[in-house]
Amino acid sequence: MVANRLGNNPLLNREKKKENFEEKKEQIIKQYGRLVHMQPKLIEEIDFEDVTFINRLALTSEDLELEELKESISKIGLLNIIYLQEREKGKYRLVSGLRRARAISEIYSDGGSVKGKDRVVIFDKETPYELLDSVSVDENIQRKNLSILEQSYKFNREAAKKDKKIEEILKEYHISKKTFYRIKNAITYPKEITEIIEDLGADKAEILNKLVIILRDKRDAAQVVADYKDLNRDELRNLLKEVKKVDKSEKVIIKYSTNGFNFSVKKKVPDEVKKYFEKLKEFIENDDYRFLK
(Lines give C-alpha, C1' and ligand atoms only; values in the text may rest on other atoms or scores of the structure.)
Protein backbone atom coordinates (compact mmCIF):
# COMPACT_ATOMS: atom_id res chain seq x y z
CA MET A 1 0.00 0.00 0.00
CA VAL A 2 1.32 3.41 -0.94
CA ALA A 3 0.11 5.54 1.94
CA ASN A 4 -0.14 9.32 2.08
CA ARG A 5 3.08 10.05 3.93
CA LEU A 6 2.37 13.76 4.38
CA GLY A 7 -1.12 13.93 5.84
CA ASN A 8 0.08 13.83 9.48
CA ASN A 9 2.83 16.42 9.17
CA PRO A 10 2.04 19.32 11.54
CA LEU A 11 3.86 21.74 9.22
CA LEU A 12 1.22 21.24 6.57
CA ASN A 13 -1.82 23.43 6.76
CA ARG A 14 -3.81 22.43 3.72
CA GLU A 15 -7.20 20.80 3.20
CA LYS A 16 -7.39 17.20 2.08
CA LYS A 17 -8.76 16.59 -1.38
CA LYS A 18 -12.34 15.44 -1.46
CA GLU A 19 -11.41 12.77 -3.96
CA ASN A 20 -8.72 10.57 -2.52
CA PHE A 21 -6.21 10.12 -5.36
CA GLU A 22 -4.14 7.76 -3.22
CA GLU A 23 -6.71 5.01 -3.75
CA LYS A 24 -6.61 5.56 -7.51
CA LYS A 25 -2.82 5.55 -7.46
CA GLU A 26 -2.77 2.25 -5.60
CA GLN A 27 -4.95 0.73 -8.30
CA ILE A 28 -2.63 2.04 -11.04
CA ILE A 29 0.37 0.53 -9.26
CA LYS A 30 -1.43 -2.75 -8.70
CA GLN A 31 -2.36 -3.03 -12.38
CA TYR A 32 0.76 -1.70 -14.07
CA GLY A 33 3.58 -1.50 -11.52
CA ARG A 34 5.71 -3.43 -9.09
CA LEU A 35 7.56 -2.40 -5.92
CA VAL A 36 11.32 -3.05 -5.73
CA HIS A 37 14.30 -2.09 -3.57
CA MET A 38 16.59 0.79 -4.46
CA GLN A 39 19.92 -0.44 -5.82
CA PRO A 40 22.83 0.97 -7.89
CA LYS A 41 21.85 -0.96 -11.03
CA LEU A 42 18.48 0.82 -11.16
CA ILE A 43 20.07 4.26 -10.93
CA GLU A 44 22.59 3.37 -13.63
CA GLU A 45 19.79 2.53 -16.06
CA ILE A 46 17.76 5.73 -15.56
CA ASP A 47 17.82 8.04 -18.57
CA PHE A 48 18.06 11.43 -16.91
CA GLU A 49 17.79 13.08 -20.33
CA ASP A 50 14.23 11.78 -20.72
CA VAL A 51 12.10 14.60 -19.31
CA THR A 52 8.69 13.29 -20.41
CA PHE A 53 7.30 13.65 -16.90
CA ILE A 54 9.82 16.07 -15.40
CA ASN A 55 8.77 19.67 -14.89
CA ARG A 56 11.80 20.90 -12.94
CA LEU A 57 14.74 22.81 -14.32
CA ALA A 58 17.89 20.74 -14.72
CA LEU A 59 19.69 20.27 -11.42
CA THR A 60 23.43 20.62 -10.95
CA SER A 61 25.77 19.23 -8.33
CA GLU A 62 26.10 22.78 -6.96
CA ASP A 63 22.42 22.81 -6.01
CA LEU A 64 22.53 23.41 -2.23
CA GLU A 65 19.19 21.72 -1.66
CA LEU A 66 20.46 18.66 -3.51
CA GLU A 67 23.47 18.52 -1.21
CA GLU A 68 21.17 18.66 1.81
CA LEU A 69 19.03 15.91 0.32
CA LYS A 70 22.13 13.74 -0.21
CA GLU A 71 23.08 14.15 3.45
CA SER A 72 19.52 13.41 4.54
CA ILE A 73 19.19 10.25 2.42
CA SER A 74 22.64 9.05 3.51
CA LYS A 75 21.64 9.40 7.14
CA ILE A 76 17.99 8.29 7.26
CA GLY A 77 17.53 6.43 3.96
CA LEU A 78 15.15 6.91 1.04
CA LEU A 79 11.78 7.64 2.62
CA ASN A 80 9.63 8.63 -0.34
CA ILE A 81 9.06 6.40 -3.33
CA ILE A 82 10.73 7.03 -6.70
CA TYR A 83 8.50 6.20 -9.68
CA LEU A 84 10.02 4.82 -12.89
CA GLN A 85 8.70 3.46 -16.19
CA GLU A 86 10.37 0.70 -18.16
CA ARG A 87 11.80 1.65 -21.55
CA GLU A 88 13.59 -0.23 -24.27
CA LYS A 89 16.90 -2.06 -23.68
CA GLY A 90 16.53 -2.18 -19.91
CA LYS A 91 16.39 1.58 -19.50
CA TYR A 92 14.00 3.55 -17.28
CA ARG A 93 12.40 6.99 -17.46
CA LEU A 94 11.57 9.00 -14.36
CA VAL A 95 7.91 9.54 -13.61
CA SER A 96 8.56 11.25 -10.28
CA GLY A 97 11.56 11.65 -7.98
CA LEU A 98 14.19 13.48 -10.04
CA ARG A 99 15.94 15.15 -7.10
CA ARG A 100 15.92 11.96 -5.03
CA ALA A 101 17.28 9.94 -7.95
CA ARG A 102 20.00 12.54 -8.64
CA ALA A 103 20.99 12.62 -4.98
CA ILE A 104 21.17 8.81 -4.79
CA SER A 105 23.16 8.67 -8.03
CA GLU A 106 25.79 10.96 -6.51
CA ILE A 107 25.80 9.00 -3.24
CA TYR A 108 26.52 5.78 -5.17
CA SER A 109 29.17 7.57 -7.25
CA ASP A 110 30.88 8.65 -4.04
CA GLY A 111 30.96 5.03 -2.85
CA GLY A 112 28.09 5.40 -0.40
CA SER A 113 25.05 3.20 0.21
CA VAL A 114 21.34 3.91 0.53
CA LYS A 115 18.65 2.25 2.65
CA GLY A 116 15.72 1.90 0.27
CA LYS A 117 13.67 -1.25 0.84
CA ASP A 118 10.49 -1.20 -1.29
CA ARG A 119 11.10 2.43 -2.20
CA VAL A 120 10.90 2.21 -6.02
CA VAL A 121 7.83 1.60 -8.17
CA ILE A 122 8.50 0.45 -11.73
CA PHE A 123 5.63 0.79 -14.21
CA ASP A 124 5.31 -1.41 -17.30
CA LYS A 125 6.05 -0.02 -20.76
CA GLU A 126 2.35 -0.31 -21.63
CA THR A 127 1.16 1.93 -18.79
CA PRO A 128 -1.07 4.65 -20.34
CA TYR A 129 0.55 8.08 -20.48
CA GLU A 130 -2.40 9.85 -18.83
CA LEU A 131 -2.18 7.56 -15.77
CA LEU A 132 1.54 8.12 -15.35
CA ASP A 133 1.05 11.84 -15.82
CA SER A 134 -1.57 11.91 -13.07
CA VAL A 135 0.82 10.09 -10.71
CA SER A 136 3.62 12.50 -11.62
CA VAL A 137 1.50 15.60 -11.03
CA ASP A 138 0.18 14.32 -7.69
CA GLU A 139 3.66 13.41 -6.43
CA ASN A 140 5.12 16.75 -7.50
CA ILE A 141 2.40 18.59 -5.60
CA GLN A 142 3.06 16.52 -2.47
CA ARG A 143 6.84 16.82 -2.67
CA LYS A 144 6.68 20.59 -2.29
CA ASN A 145 6.64 19.63 1.40
CA LEU A 146 9.13 17.57 3.36
CA SER A 147 8.29 14.44 5.30
CA ILE A 148 8.53 14.55 9.08
CA LEU A 149 11.92 12.81 9.24
CA GLU A 150 13.35 14.99 6.47
CA GLN A 151 12.11 18.08 8.31
CA SER A 152 13.58 16.69 11.54
CA TYR A 153 16.96 16.31 9.86
CA LYS A 154 16.67 19.84 8.47
CA PHE A 155 15.77 21.30 11.89
CA ASN A 156 18.77 19.57 13.45
CA ARG A 157 21.03 21.08 10.80
CA GLU A 158 19.52 24.51 11.32
CA ALA A 159 19.82 24.28 15.11
CA ALA A 160 23.48 23.26 14.80
CA LYS A 161 24.37 26.55 13.08
CA LYS A 162 26.11 28.77 15.60
CA ASP A 163 24.89 31.97 13.96
CA LYS A 164 21.22 30.95 13.96
CA LYS A 165 18.95 31.23 16.98
CA ILE A 166 15.97 28.96 17.68
CA GLU A 167 13.71 32.01 17.61
CA GLU A 168 14.73 32.67 14.00
CA ILE A 169 13.79 29.13 12.98
CA LEU A 170 10.41 29.41 14.73
CA LYS A 171 9.71 32.66 12.91
CA GLU A 172 10.86 31.28 9.56
CA TYR A 173 8.56 28.25 9.76
CA HIS A 174 5.74 29.94 11.71
CA ILE A 175 5.68 27.25 14.37
CA SER A 176 5.74 27.09 18.16
CA LYS A 177 8.77 25.99 20.18
CA LYS A 178 6.85 22.85 21.19
CA THR A 179 6.24 21.89 17.56
CA PHE A 180 9.85 22.62 16.67
CA TYR A 181 11.25 20.26 19.30
CA ARG A 182 8.61 17.62 18.57
CA ILE A 183 9.79 17.46 14.94
CA LYS A 184 13.48 18.02 15.71
CA ASN A 185 13.59 15.05 18.09
CA ALA A 186 11.77 12.70 15.69
CA ILE A 187 15.01 11.55 14.08
CA THR A 188 16.19 10.18 17.46
CA TYR A 189 13.21 7.85 17.94
CA PRO A 190 13.73 4.08 17.68
CA LYS A 191 13.36 2.60 14.20
CA GLU A 192 10.09 0.94 15.17
CA ILE A 193 8.62 4.45 15.33
CA THR A 194 10.55 6.21 12.55
CA GLU A 195 9.56 3.52 10.06
CA ILE A 196 5.88 4.45 10.46
CA ILE A 197 6.16 8.06 11.63
CA GLU A 198 4.63 9.54 8.47
CA ASP A 199 1.49 7.50 9.10
CA LEU A 200 1.48 8.10 12.87
CA GLY A 201 2.05 11.83 12.72
CA ALA A 202 4.43 13.83 14.91
CA ASP A 203 2.07 14.01 17.93
CA LYS A 204 1.40 10.28 18.21
CA ALA A 205 5.04 9.46 17.49
CA GLU A 206 6.18 11.68 20.35
CA ILE A 207 3.77 10.04 22.81
CA LEU A 208 4.73 6.55 21.63
CA ASN A 209 8.38 7.40 22.13
CA LYS A 210 7.65 8.51 25.71
CA LEU A 211 5.87 5.21 26.33
CA VAL A 212 8.84 3.29 24.91
CA ILE A 213 11.18 5.13 27.27
CA ILE A 214 9.03 4.59 30.37
CA LEU A 215 8.37 0.91 29.60
CA ARG A 216 11.83 0.06 28.24
CA ASP A 217 12.72 -2.15 31.22
CA LYS A 218 9.47 -4.10 30.94
CA ARG A 219 8.91 -4.38 27.18
CA ASP A 220 10.99 -3.76 24.09
CA ALA A 221 10.20 -0.93 21.66
CA ALA A 222 8.74 -3.23 19.00
CA GLN A 223 6.17 -4.63 21.43
CA VAL A 224 5.16 -1.21 22.76
CA VAL A 225 4.71 0.20 19.26
CA ALA A 226 2.77 -2.86 18.07
CA ASP A 227 0.45 -2.70 21.09
CA TYR A 228 -0.36 1.00 20.97
CA LYS A 229 0.25 2.39 17.47
CA ASP A 230 -3.40 2.06 16.47
CA LEU A 231 -4.70 4.11 19.40
CA ASN A 232 -5.74 7.67 18.62
CA ARG A 233 -3.89 10.64 20.09
CA ASP A 234 -6.23 11.17 23.05
CA GLU A 235 -6.16 7.48 23.94
CA LEU A 236 -2.36 7.53 23.86
CA ARG A 237 -2.25 10.61 26.07
CA ASN A 238 -4.53 8.98 28.65
CA LEU A 239 -2.45 5.80 28.54
CA LEU A 240 0.74 7.81 29.08
CA LYS A 241 -0.79 9.46 32.15
CA GLU A 242 -1.75 6.09 33.61
CA VAL A 243 1.65 4.57 32.93
CA LYS A 244 3.36 7.54 34.57
CA LYS A 245 1.16 7.14 37.66
CA VAL A 246 2.05 3.45 37.99
CA ASP A 247 5.72 4.19 37.41
CA LYS A 248 5.73 6.81 40.18
CA SER A 249 3.77 4.64 42.64
CA GLU A 250 6.29 1.80 42.56
CA LYS A 251 8.97 2.51 45.15
CA VAL A 252 11.07 -0.64 44.78
CA ILE A 253 11.38 -2.07 41.28
CA ILE A 254 13.18 -5.10 39.89
CA LYS A 255 13.16 -5.38 36.08
CA TYR A 256 14.69 -8.43 34.44
CA SER A 257 16.17 -8.75 30.95
CA THR A 258 18.21 -11.31 29.02
CA ASN A 259 21.40 -9.47 30.01
CA GLY A 260 20.66 -9.22 33.73
CA PHE A 261 18.32 -7.07 35.80
CA ASN A 262 17.80 -3.52 37.07
CA PHE A 263 17.07 -2.82 40.71
CA SER A 264 15.88 0.65 41.67
CA VAL A 265 14.69 2.14 44.95
CA LYS A 266 12.62 5.34 44.85
CA LYS A 267 12.43 6.06 48.58
CA LYS A 268 14.69 7.11 51.40
CA VAL A 269 16.61 4.29 53.10
CA PRO A 270 19.05 4.18 56.05
CA ASP A 271 22.74 4.57 55.34
CA GLU A 272 23.26 0.96 56.45
CA VAL A 273 21.12 -0.21 53.54
CA LYS A 274 23.15 1.89 51.09
CA LYS A 275 26.39 0.41 52.43
CA TYR A 276 24.94 -3.10 52.16
CA PHE A 277 24.09 -2.62 48.49
CA GLU A 278 27.50 -1.09 47.78
CA LYS A 279 29.00 -4.30 49.16
CA LEU A 280 26.62 -6.41 47.03
CA LYS A 281 27.67 -4.42 43.98
CA GLU A 282 31.31 -5.21 44.70
CA PHE A 283 30.56 -8.92 45.12
CA ILE A 284 28.61 -9.16 41.86
CA GLU A 285 31.24 -7.24 39.87
CA ASN A 286 33.82 -9.79 41.03
CA ASP A 287 31.51 -12.78 40.41
CA ASP A 288 31.73 -13.54 44.11
CA TYR A 289 28.43 -15.05 45.25
CA ARG A 290 29.53 -16.50 48.58
CA PHE A 291 27.12 -14.13 50.34
CA LEU A 292 24.28 -16.35 49.09
CA LYS A 293 25.43 -19.26 51.27
Side-chain angles (χ1 to χ4, degrees), residues 2 5-6 9 11-12 35-85 91-122 135-136 138-164 168-169 172-173 180 183-191 193-198 202 205:
V2 181
R5 306 174 73 84
L6 296 171
N9 192 328
L11 291 181
L12 305 183
L35 201 59
V36 301
H37 305 332
M38 172 52 68
Q39 54 183 307
K41 183 65 175 176
L42 273 179
I43 291 294
E44 291 173 9
E45 299 302 330
I46 293 176
D47 182 358
F48 286 98
E49 300 300 318
D50 187 334
V51 293
T52 304
F53 297 103
I54 304 302
N55 298 315
R56 294 178 180 271
L57 295 174
L59 298 174
T60 65
S61 58
E62 289 78 23
D63 185 334
L64 293 178
E65 289 188 2
L66 187 65
E67 289 300 317
E68 287 187 2
L69 184 57
K70 284 170 58 180
E71 290 186 35
S72 174
I73 291 175
S74 295
K75 186 175 181 64
I76 62 180
L78 176 61
L79 300 178
N80 293 280
I81 290 176
I82 291 177
Y83 295 84
L84 306 175
Q85 183 190 23
K91 291 289 184 180
Y92 301 99
R93 69 163 49 93
L94 275 161
V95 175
S96 178
L98 172 62
R99 292 179 66 251
R100 281 162 278 161
R102 280 282 181 84
I104 291 171
S105 176
E106 293 193 13
I107 291 172
Y108 284 146
S109 295
D110 294 338
S113 60
V114 174
K115 293 185 290 185
K117 184 179 180 181
D118 291 339
R119 294 289 87 196
V120 181
V121 167
I122 299 179
V135 170
S136 177
D138 181 73
E139 285 293 314
N140 284 333
I141 289 173
Q142 291 197 41
R143 292 309 298 158
K144 288 180 181 178
N145 302 289
L146 298 177
S147 69
I148 295 172
L149 282 184
E150 288 172 328
Q151 191 65 62
S152 176
Y153 181 76
K154 189 175 182 65
F155 277 179
N156 277 276
R157 281 177 53 88
E158 293 288 312
K161 294 179 181 178
K162 294 182 180 180
D163 60 342
K164 195 159 190 176
E168 294 179 64
I169 301 175
E172 181 180 345
Y173 288 93
F180 169 76
I183 297 175
K184 178 178 179 290
N185 294 334
I187 201 172
T188 66
Y189 297 165
K191 66 179 180 63
I193 294 178
T194 59
E195 287 176 351
I196 59 173
I197 195 170
E198 308 305 329

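Just so it is clear, the structure is predicted and the values come from calculations on it, not from any experiment.
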Short side-chain to backbone donor-acceptor contact, [X] and [Y], under 3.5 Å:
X	Y	result
Asp50	Thr52	yes
Arg119	Leu79	yes
Ser152	Ile148	no
Ser136	Ser96	no
Asp47	Arg93	no
Ser105	Ala101	no
Glu106	Glu67	no

Does a side-chain heavy-atom distance below 4.5 Å link [X] with [Y]?
X	Y	result
Leu42	Ile122	yes
Ile104	Ile82	yes
Leu78	Lys115	no
Leu94	Leu84	yes

Side chains of Glu71 and Tyr153, donor plus acceptor under 3.5 Å: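 Yes - a donor-acceptor pair under 3.5 Å links their side chains.
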Could you walk me through whether Leu98 and Val51 pass the side-chain contact (heavy atoms from CB on, under 4.5 Å) check? CA-CA 10 Å; Leu98 172 62; Val51 293; over 6 Å; no
Rounded to the nearest 0.5 Å, what's the gap from NZ on Lys91 to CD on Gln85? Could you check?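 Between atom NZ of Lys91 and atom CD of Gln85 there are 15.0 Å.
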What residues form a ring pair (Phe, Tyr, Trp, His ring centres under 6.0 Å) with Phe180, not counting sequence neighbours?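 Scan of Phe180 (ring pair (Phe, Tyr, Trp, His ring centres under 6.0 Å), adjacent residues dropped) gives Phe155.
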Of all the heavy-atom pairs spanning Val114 and Met38, show the shortest one and how long it is.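 Taking Val114 first and Met38 second, the nearest heavy atoms are CG1-CG, 4.5 Å.
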